Structures are given as C-alpha cells and as structure tokens.
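Keep in mind that what you see is a predicted model, and the values were worked out from it rather than measured. Below, chain A is the first sequence line, B the second, and so on; all start at residue 1.
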Amino acid sequence: MEAFHLLSRGGAKFDKKKFKSEVSLFNGSKGREPKASSSAHALAGELPPELDFFKYAQGGIPKRKADEVEGGIDLKGKKRRVEGDDEDEDEVVGSRDAQQTEDDPPMPRHRVTTKGKDVPEHVETFEALRERFHLPSHLLQKLAQHGYKRPTGIQSHGIPILMERRDLAAISPTGTGKTLSYLLPVMAALGAPAASSKSDAGSGVRAVILAPTRELAHQIHNECLKLAQGRKWRIVLFSKATAATLADKKVREKIDIIISTPLRLVASLQAGNLELDNVRHLFLDEADRMLDTEFLEQVQEVIAACTHPEIQKAVFSATLPANAEKIAMSMLRDPIRVVVGLKDTPLPLIAQSLTYVADDQSKLPTLLQYLSQPYNPPVLIFVSSQPRATSLAEELVIAGVPNVDCLHAGMTKKEREDAVSRMRRGESWVMVSTEVMARGMDFKGVREVINYDFPQSVQSYVHRIGRTGRAGREGKAITYFTNEDAPFLKTIANVLLQSGSTVPEWVLKLPKPSKMKRREMGKIKRAEAVNNARRIGRSDAIKKREMIAGSKRRKEKEQQRKEKLAAAPLSADGTDGES
DNA sequence: AAAAAAC
C-alpha cells in the first residue's frame, strides 16, 4: 500500500527494487500480472546495461505454462490452429526453434520456414559454426562468456546463410535476436582489421548496416562493440561529428564497419567524403521501414555506391508487407527467405488488450486512472505526433506522475540520448514517445506498452508492442481506441486474436468500415493524389528545401514549448515533488 | 491511409 501511495504521489526517494516487488505483489491478485517472485528475480538478476546484448541467452526467464488457459482461450490450441493456417505451400518447413529442448530457457517455439535455392543447413549450436565456418574462437568465447547457450531460430538459420555469403531476407518476431544474427557473420567475415597490415581485404569500409533511427543505430553499434571487444576493428556509429573526420582519406580507409541512418550516409557520399566501393556486406535493419518511400531513395543511393562485385545484401524485420518484400527481393541476388513464426504477428507472450475510450479527451483520465494503480515501470506510451508526446508528458508531470520522460525526433540529439540512457538505467517509469521508439529498441525492463494513440498500421502495432515481451519474457500491451479509430479496430483485433490474446466479442462483430467512412477515406486519398500531382513537377532541390524548412519550423516550435515547460521539467529525478 | 524519421 505504501508503494501505491508513493507511486501516485511521486513524492519520495525511491528504491526501485523494493518498489517493484511490492507492486508486483499487489498485482498478483489480478492473476494476469507476472508473479511477484519472477519480477523480483528478473530485477535482481538484471545485468548492467553494457551486458544487455547477451540477454537473449539468459535462462530463468519466467514464462507462462503452455497449457495455461487464459481468458477462455487455450494458448496452445490457439497456436496450433494458427500454424495450421500457413499458406506458403511451396516453402520448405525447416527445423523448429532450437530453444525448445528440455532443459533450456523457454523461449517461445516458432516454426521456421525457408525458401530459396540451396539453403544452407541450419546449426543447432554456436559451436557448430566453428566446425563448419571456422568461426573465430574469440567470438565463440564472447558468446559463451556471457551465457549465450543456444542460437534462437533466426540465429540458427540466418547465421549459416550469411556465413555462406548468401543474400537473405529474414523475418523474425520482435525480441528474438535478429541483431546478433547479422552481426556475428559480419564480425566473422572481417578477419583482420582494415588498419592492420595483415588485412588483405582492400581498403575502406567493408560492412554497412543501416537502421531507421539514430537510437537504433546507436544500439546496434553498442552491440557490435561488445562482440568486437578487445579487437582493433574500427566500428563507426555515423553522425555529423564522425562524418566530419572523414575529410581525411586515411581515416576513412581504416574504418571496418559503419552503422548509420540512411540520410547521414547519403550526405557524406554526396559530399565526396566517403567511398563504399569496398563494402562486402550491406544489411538493412527494420527493412520494411527502410523501404518506405521516404527512405527508399536514400537506401538506393547507398546501394548504388556499393559497387563491389561480391557484395552481400540482407534485410531484417519482424514485419514485411508484400510491397516491401517485393522491393527487397528485387534488390537481393538469389536470395533466401527465412520466416520465423508468423509474419506480421506479435509474440503470444505479450498479453494484449483493447480499451475503449470514447474520444480523445477521455484518454488522459483513463491513463491517469491506470497510472494511479500499481503498474510495472517502465511503461512505454506511444502517441501519434511530436506535439502530442510533449503535451502528454507535460500533463502527466502536472498530474504528479513521477519520473515521466519523453522522446521524439524533434528533440535535440543530446536530449534524445539522455532520455534513452535514463530509460536504460531504469530511471524512467513512464516514457512517452512517438514512432521513433517503435522499432528495434531493446529496453529489457519494459513490461508494459500503452498505445495511447491508435497505431496507424498493423506493422506499427506489432513493432510498438514488441518493445515488451523480449527474449522470452512476458509483456503486456494496452491499446486505447476511440470512436474515430473504429474503422481500423477490426484489423488490429484480428492481430490480437492471431497471437493468442482475447478480444471482446462485440469488436469482432464490428462491420467493415462503413460506406461513409470509406467515402471519407477516399476523399483523403484523392486530395493526396492531387497534392502529389502538384509536387511531381517540382525539382528535388525544392522538395529538399521544403523539407528542411518544415523541420526548422518544428524545431522552433519545440523550443518554444520547452521554454514554457522550464518551470515544470519533464524529467523528474526521483526527489522532486509536484507543485 | 497517415505521421514520423532521416540531414
């Protein structure tokens, strides 16, 4: 009860450990929440942030028993039915996820399907990679050293494919270790650092990894550094600052791996400060996002700059709509497609629910009510725009919710970095953010996701809620919907159903979007078409200038907002009280 | 279908 009090008032200095176990105890009565013991255990066993990378392999992850009945639906039975529905008839059904063997951590079981010519045999263990591909022992040591026991589905199938230098389109659910599945082969292929005299691999960058957000690029970079620890590879997280150092050609030639967002890289290419003609590995993380129209052109420019004849390309995501897959496949050479589990589907470990809030005004009271009761921090809250992120965070602070943070791309680089590190340190209890956080970000502790604003696509939904339930842990996801969201509700509801969560009967009985709605949507579509048509005639330079102006305006607005907020800082430091 | 993100 004390914890409850502290939480709602936010007035006291805080022992998170103590707090969390008490809150969990509290929740225990509700049955659906993770058990107190598991919560306390997870917390006690928490690794320092620098070891996060190895979390996938950790044992002792609490998991719902397979035969547990939840909300009237037998998860096991449900899952079997869904698997039976698979439509890709010409696909080869490979092994199951290696994680399922008796004594091992209960990672979710996923079927793995592969498609393509001469698909390399998957491996059951990391050791097998040494025998087959001479994976350097220092890499194996890194894995073993940190308790990495068995490869996940995507790792056991993807790594051999990549190590045989084949192109790959990999689809695997959120939190199943995609990053390692492409980093390990890159590190193995690099051999000696470019700076070393032993290197016979030509000069200049040999691997490029692209990600859609700075935060994700940063996270990938960190994980890469962990694998490279003690080695002399130059692994560069591309930023304005690092790009500036490239003017010196000697500097560029010694880089081994670049991890970057597309536009940053394109800027350097255009400035003539970077050559990618020696790149042997070009990987796209969050591939469907990277192939969105807004990124596509930039990505294509990077691809065009990678002129090495033996370049290996690969794309990774938890979601890959048909459209994006078509583009991806056209970019790859004789590709292999690997699908772990079901495409565009969240993990069954995430308990999903829908909450009706009549309109936008009703959301805040609903959220405050929710946060006035015990919850498992940190909670990640998604909204649809930057201003809404700022103002919601503001409202929560005013309402006395402690340790509220905010993250969106309108913030400065430093603000964004600070927000992420508060999150990593467990100092944020409530993180309000936009789509910028929806993909790839791996905050181990996140147990709850709230979609305050309805997601704009199934893909967005899957990635957002995939911030929880990672590496075999449980998670909880709540999605608010208003009357206006109704036309899109059924689509999302089906996603919930497919992944083993329950949906109120009446939602399933909803008709397809009404004629009126469709007409409305049609109007928007036409208006957009007209708008686009108007733009077609314009030069790229004008478009670019407009884009820059738009972003400047946003930044100015943001600054004004911040100044207003100065009296009530977003970031509580644990000792602050409300006014 | 629409916003966000990328420099």
Side-chain angles (χ1 to χ4, degrees), chain A residues 209-218 237-244 246 259-271 273-274 284-302 321 323 382-390 406-413 416 432-441 451-461 463-464 484-492 512-513 517-532 540-541 543-555 557-558:
Chain A
I209 295 158
L210 294 180
T213 64
R214 258 185 235 159
E215 282 74 16
L216 184 52
H218 199 300
L237 174 62
F238 230 50
S239 67
K240 219 174 214 166
T242 54
L246 298 180
I259 298 155
S260 177
T261 50
L263 196 52
R264 178 63 265 173
L265 209 57
V266 168
S268 286
L269 284 173
Q270 287 174 349
N273 280 339
L274 183 65
L284 306 185
D285 208 340
E286 305 301 339
D288 50 340
R289 181 73 187 84
M290 304 298 280
L291 300 174
D292 268 4
T293 45
E294 309 87 332
F295 273 128
L296 184 57
E297 213 175 307
Q298 301 160 21
V299 169
Q300 279 168 338
E301 200 159 331
V302 173
N323 206 12
F382 284 103
V383 295
S384 61
S385 74
Q386 294 181 9
R388 283 177 67 80
T390 312
C406 176
L407 178 52
H408 60 69
M411 292 160 52
T412 66
K413 193 183 175 203
R416 288 169 69 168
V432 182
S433 82
T434 59
E435 287 294 307
V436 73
M437 296 290 279
R439 282 171 176 264
M441 294 311 293
N451 287 318
Y452 187 86
D453 290 336
F454 205 74
Q456 283 127 343
S457 68
V458 169
Q459 287 74 29
S460 164
Y461 178 76
H463 285 280
R464 281 178 174 192
E484 288 184 1
D485 301 321
F488 309 99
L489 184 58
K490 210 176 173 184
T491 320
I492 300 294
K512 284 184 179 168
K517 275 283 173 195
R518 260 185 281 174
R519 214 175 300 141
E520 243 178 63
M521 279 154 57
K523 257 186 219 163
I524 292 167
K525 223 176 178 178
R526 276 193 296 279
E528 229 194 351
V530 169
N531 194 22
N532 285 344
D540 283 350
K543 274 190 216 163
K544 203 169 177 182
R545 233 176 287 144
E546 282 174 351
M547 228 161 68
I548 291 165
S551 111
K552 261 190 193 152
R553 271 199 301 279
R554 275 197 300 280
K555 278 208 176 121
K557 267 193 204 161
E558 187 55 37

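- Across all strands shown, Ser457(A) has heavy atoms under 4.0 Å from base atoms, whether or not it also approaches the sugar-phosphate.
- Protein atom NE2 of His463(A) is 16 Å distant from nucleotide atom P of dA5(B), rounded to whole Å.
- Spacing between atom CG of Leu263(A) and atom C1' of dA4(B) amounts to 14 Å, rounded to whole angstrom units.
- Residues passing the side chain to side chain donor-acceptor pair (under 3.5 Å) test with Glu301(A), sequence neighbours excluded: Gln270(A).
- Not a single donor-acceptor pair, N or O on each side, falls under 3.5 Å between the base of dA4(B) and the side chain of Gln386(A).
- The distance between atom CD of Glu294(A) and atom C1' of dA4(B), rounded to the nearest whole Å, is 8 Å.
- With hydrogens and angles left out, the side chain of Arg289(A) and the base of dA5(B) share a donor-acceptor pair within 3.5 Å.
- In this structure, the nucleotide among dA6(B), dA4(B), dC7(B) sitting nearest to the side chain of Gln298(A) is dA6(B).
- Counting heavy atoms from C-beta outward, Val383(A) and Val432(A) have side chains that approach closer than 4.5 Å.
- Among the heavy atoms of the strands lying under 4.0 Å from Arg416(A) are primed sugar atoms or P, OP1, OP2 only; no base atom is included.
- Separating the CE atom of Met411(A) from the P atom of dA6(B) is a distance of 12 Å, rounded to the nearest angstrom.
- Between Arg214(A) and dC7(B) there is a side-chain polar atom (N or O) within less than 4.0 angstrom of OP1 or OP2.
- Rounded to an integer number of Å, the gap from CD of Glu215(A) to P of dA4(B) is 15 Å.
- Salt-bridge check for Asp288(A) with Arg439(A): passed, with a basic side-chain N closer than 4.0 Å to an acidic carboxylate O.
- Straight-line distance from the CG atom of Asp292(A) to the P atom of dA4(B): 14 Å, rounded to whole Å.
- Contact check, Thr434(A) against dA5(B): a side-chain N or O comes under 4.0 Å of OP1 or OP2.
- In this structure, CD of Glu435(A) is placed 8 Å from P of dA5(B), rounded to the nearest angstrom.
- At least one side-chain nitrogen or oxygen of Ser385(A) sits closer than 4.0 Å to the OP1 or OP2 atom of dA4(B).
- A straight line from CZ of Phe295(A) to P of dC7(B) spans 8 Å, rounded to a whole angstrom.
- Residue contacts shown for Pro262(A) are absent, as no nucleic acid heavy atom lies under 4.0 Å away.
- Proximity of Thr261(A) to the phosphate of dC7(B): a side-chain N or O atom is located under 4.0 Å from OP1 or OP2.
- Evaluation of the salt bridge (charged side-chain N to carboxylate O under 4.0 Å, His left out) rule for Arg264(A) yields no partner, not counting sequence neighbours.
- Here the CZ atom belonging to Phe488(A) is positioned 11.0 Å from the OG atom belonging to Ser457(A), to the nearest 0.5 angstrom.
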